[in-house]
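To start, the structure itself, in C-alpha cells.
In the text below, chain A, chain B and the rest are named by the order of the sequence lines, each starting its count at 1. Note: hydrogens, waters and symmetry copies are ignored here, and every other heavy atom, side chains too, is used.
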Number of protein chains: 2
Amino acid sequence: MTLDERKKRILWAIIQDYIATAEPVGSRTLARKYKLGVSSATVRNEMADLEEMGFLEQPHTSAGRVPSHRGYRFYVDHLMQPEKLQDSEKELVRVSFETKVKMISEVIQRTGQLLTQLSSYTAMVVSPCASRTRLRHIQLVPMSRGQAMLLVVLEPGIVQHRMMELPPDLTVGDLEMISRVVNEKIKGSQMSDLKLTIIREIYAELLRHKSLVAMMMDLIEDSSRSKEDRIYLGGIFNILNEPEFNNVERVKTLLGILEQEELICNILNDQDQPGVNVRIGSEISCEDIKDCSMIGANYEVDGQRIGSIAVLGPTRMQYAKAISVVEYLTANLNEIMSKMYRS
Amino acid sequence: MTLDERKKRILWAIIQDYIATAEPVGSRTLARKYKLGVSSATVRNEMADLEEMGFLEQPHTSAGRVPSHRGYRFYVDHLMQPEKLQDSEKELVRVSFETKVKMISEVIQRTGQLLTQLSSYTAMVVSPCASRTRLRHIQLVPMSRGQAMLLVVLEPGIVQHRMMELPPDLTVGDLEMISRVVNEKIKGSQMSDLKLTIIREIYAELLRHKSLVAMMMDLIEDSSRSKEDRIYLGGIFNILNEPEFNNVERVKTLLGILEQEELICNILNDQDQPGVNVRIGSEISCEDIKDCSMIGANYEVDGQRIGSIAVLGPTRMQYAKAISVVEYLTANLNEIMSKMYRS
DNA sequence: ATTAGCACTCTCACGAGGTGAGTGCTAACT
DNA sequence: AGTTAGCACTCACCTCGTGAGAGTGCTAAT
C-alpha cells in the first residue's frame with residue numbers, strides 16, 4: 001500500500017486543511033489553495049482513488065472529502081512532521097516547573113495545566129501508581145484516644161494514610177516502638193516479599209502486639225495495592241471549542257466517560273510502547289469516544305514507568321503540535337521526577 | 001409583602017409545575033391540573049398580580065409565566081416543604097458509609113457520589129481545610145541520598161508531605177532525633193503559636209541543625225497554610241440532562257467555572273449560617289452562574305467547621321428534595337467525621 | 001495522462017403560511 | 001366587588017417549497 005508522491009501531497013493537503021477548518025474539503029479549493037499545479041479535475045480523480053483506498057470519506061455525495069481514521073493514521077505515520085514548540089512556550093514550561101514544587105501532586109497538576117494550555121485540548125495525567133514498589137517507611141501516629149494514623153511511604157514518594165482502631169491498653173511509647181521495629185524489618189523490601197519471611201520476624205519480635213501488627217500489615221498491603229492513582233483532568237472546557245462538540249449529546253457522552261476515573265486510568269495505563277503514543281478513533285479501546293484521538297506517553301524514573309500523561313481531542317486534531325507538546329512535557333517530567341526521587 | 005392564601009396556592013402550583021416540566025405555565029392548564037376551583041380567567045388575573053409583585057416573569061407576551069428568582073426565594077422560604085428521603089435512599093447512604101472507610105479522601109468521594117446520585121445534580125465537596133488547626137505530628141523520612149520527605153499531620157487528620165534537600169553530612173539517626181525533638185516541642189500547639197516561643201526553644205536544642213530546622217519550619221507553615229483543599233466534583237454529566245443545558249454555550253460557561261477549583265472553594269466556603277443554605281441565582285456571588293442555584297451546608301467536628309458540601313443545579317431545581325438530601329448527608333458526615341477524629 | 005465542460009446531487013438558508021397555546025380586556029353574571 | 005365567558009390578538013414553532021452554492025462524476029477534447 002504505497003502512494004505516489006502526488007497522492008501523498010494531496011492527502012497531506014486535505015488533512016491539513018480539514019484540521020484547520022473542520023469543513024469537508026473540495027477539489028477546487030484544494031487545487032487553488034495549495035498550489036498543486038494541476039487542475040481540480042485531476043485532483044478529483046486522485047481523491048476518488050484515495051477514497052477507494054480507504055483514506056478519505058464522503059459525508060454525502062456532493063460534499064467535499066473528509067479524512068478517515070486510516071487517513072489520519074497514514075498522516076501521522078508518514079506525512080506529518082512534528083511542529084517544534086515556540087521558544088516562548090518552552091519558556092512557559094521552564095517557569096512553571098522552576099518555582100520550587102515540593103509535592104508530587106503539585107507537579108501533576110502543573111503538568112496537566114501546561115498540557116491543556118499548550119495543546120488546547122483536554123489533558124489527563126495519572127500519578128504514580130503504587131503497586132509493585134518498595135516500602136520506604138511506615139509510621140504510627142497517635143491521634144485521639146484509641147486511634148492512630150498509619151502513614152505509609154512508598155518508593156517513588158507516594159504517601160498514603162489510614163486510620164486504625166487501637167487496643168485500649170497501648171501507650172504512645174508502644175506505638176513508637178512498633179513503628180521502629182517494623183521499619184527496621186521492612187526497610188527496602190518489595191511489597192511481594194512482605195507476606196512470607198518478614199512478617200514472621202516481626203511477629204516474633206512483637207508477640208505482645210500480634211493482633212495490632214496483623215492489622216497494620218493488612219492496611220499496608222491494602223494501601224500499596226490501592227488503585228487510587230491520583231488523576232488530573234483539565235481543559236474539558238477547552239475541547240468544547242472544537243466544532244465537533246457543538247452538539248450537546250456528544251458533550252454528554254464525553255463527560256460521561258471523563259467522569260469514570262477508573263476507565264480513564266485504564267485507558268491511560270494501556271500504553272506499552274515507549275515514547276509518544278498516538279491512538280486514533282477506535283484505536284482507543286472505548287466505544288464512546290471513537291471520534292476522538294488520544295496522544296499519550298509514559299513518564300518514568302530510572303527506566304521504571306511510574307505514570308502517564310495524555311491529551312484527548314477530536315480525531316481532527318493538530319497532531320503535529322500535540323505530539324510535540326506531549327513529548328516535551330514527558331521529557332521534562334522525567335527529569336523532574338528523577339531529580340525528586342533519585343535513588 | 002404578604003400574599004393571600006389563593007395567591008400562595010397559585011404561586012406554589014406554578015413553581016411546582018415549572019420545576020416538573022421546564023415549560024412556561026399557562027392559566028388554563030394550571031387551573032385544570034391543580035384543581036384550583038376557579039376559572040382560568042381568575043387565575044390569569046392573579047398571575048398578572050404576581051408578576052407585578054415580582055414573583056413571576058414572562059419570557060414573551062403570550063407565553064406562560066416562569067418563576068423569577070424572587071419567586072423561588074418565596075417558595076423556598078414559605079411554600080415548600082422538604083421532601084423526606086425514601087427508606088431505600090437512606091439505606092443506600094447507610095451501606096455506602098458502612099463499608100469500612102479508612103481515609104478522609106474516601107469519605108469525601110463517597111459523599112460526593114451519594115450527593116449526585118440522590119439529587120441528580122452536580123455535587124461539590126471540599127475537604128477539611130488546614131488553616132487554623134493544630135499540629136499533630138511531624139516526621140522526617142530519609143529518602144534518597146541528600147533528600148528527605150517531611151510528613152506533616154494536622155489536627156483533623158490531614159496529611160501533607162514535602163520533599164526537602166538535606167545538608168550532606170546528616171545521618172539517619174540525626175533525622176530521627178530531629179523529628180523526636182520537634183515533635184515533643186510542638187505537641188498540640190496552634191499553628192499561630194509556632195512562630196514565637198516554640199521555634200526558639202527548638203533552635204536552642206538543635207543548634208547544630210539550625211538551618212535545617214529553619215527550612216522545616218518554613219515547610220510546615222507552608223503546608224498548614226496551603227489552600228490545597230481537596231475538592232470533589234461529580235455528576236457534571238448529570239446536570240446536562242436538564243433542558244436548560246441544551247445549549248452548548250451554557251455548558252461551556254458552566255464547565256469554565258467548575259474548572260476553577262479555587263473559585264469553587266471560595267464559593268463553597270462562603271457559607272456562614274449554620275444548617276442548610278440555599279442560594280438562588282445571583283445570590284451565588286458569581287456572575288456566570290446566575291441561572292443556577294446552589295444548596296450547601298458545612299460539616300463539622302466538635303462544633304468546628306471543617307468543610308462543606310453542596311449541590312449545584314438550575315434555578316429550576318427540585319429544592320424540596322435537594323435540601324433534604326444535603327441535610328441528611330451533612331448529618332451523616334458530621335457523625336462519621338466525629339467518629340474518625342473524636343478527640 | 002490531463003483538463004475543460006456540463007449535468008446532476010445534496011445541503012443549507014430563507015420566507016410564507018398555518019397552528020396552537022397563551023394573554024389582556026371587556027362585558028355579563030352572581 | 002369578585003368571578004367568569006368570550007373574543008381578538010400575539011408570538012413561537014413547525015413545515016414546506018424554493019433557490020443558491022459547493023461539489024461531484026463523467027465525457028470528450030487536448
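- Note that the first and last nucleotides of DNA chain C, 5' to 3', having any atom under 4.0 angstrom from a heavy atom of chain A are dT2(C) to dT11(C).
- Pairing each heavy atom of Gly64(A) with each of Pro59(A), the nearest pair is O-CD, 3.3 Å.
- In this structure, Arg9(A) has no salt bridge (Lys or Arg N to Asp or Glu O under 4.0 Å) partners at least two apart in sequence or on a different chain.
- A salt bridge does not link Glu242(B) to Arg250(B): none of the charged nitrogens lies less than 4.0 Å from a carboxylate oxygen.
- Mapping Glu46(B) and His60(B) onto DNA chain D via the closest heavy atom, the residue that lands nearer the 5' end is Glu46(B).
- To the nearest 0.5 Å, atom CH2 of residue Trp12(A) and atom CE of residue Met80(A) are 12.5 Å apart.
- Closest heavy-atom contact between Thr315(B) and Lys290(B): CG2-O, 4.3 Å.
- Shown for residues 17-43 of chain B: residues whose heavy atoms fall under 4.0 angstrom of DNA chain C, namely Gly26(B), Ser27(B), Thr29(B).
- For the pair Ile309(B) and Val125(B), the tightest heavy-atom approach, listed with the atom from each and the gap, is CG2-CG1, 3.9 Å.
- Of the residues in residues 62-69 of chain B, those placing a heavy atom less than 4.0 Å from an atom of DNA chain C are Ser62(B), Ala63(B), Gly64(B), Arg65(B), in numerical order.
- Ser285(B) approaches Asp270(B) most closely through the heavy-atom pair OG-OD2, 3.9 Å.
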Would you tabulate the nitrogen or oxygen pairs shorter than 3.5 Å linking the protein to nucleotides 27-30 of chain D?
none

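- Listed here is the closest heavy atom pair of Gly296(A) and Gln271(A): C-OE1, 3.1 Å.
- Distance check: Leu263(A) CG to Asp288(A) CG gives 8.5 Å after rounding to the nearest 0.5 Å.
- The stretch residues 47-58 of chain A participates, sequence neighbours left out, in these salt bridge (Lys or Arg N to Asp or Glu O under 4.0 Å) pairs: Lys7(A)-Asp49(A), Glu51(A)-Arg65(A).
- Paired with Met294(B) under the rule side-chain contact (heavy atoms from CB on, under 4.5 Å), one option of Ile267(B), Ile280(B), Val311(B), Val278(B) passes, and it is Ile267(B).
- Side chain of Ser324(B) to backbone of Glu83(B): a donor-acceptor contact under 3.5 angstrom is found.
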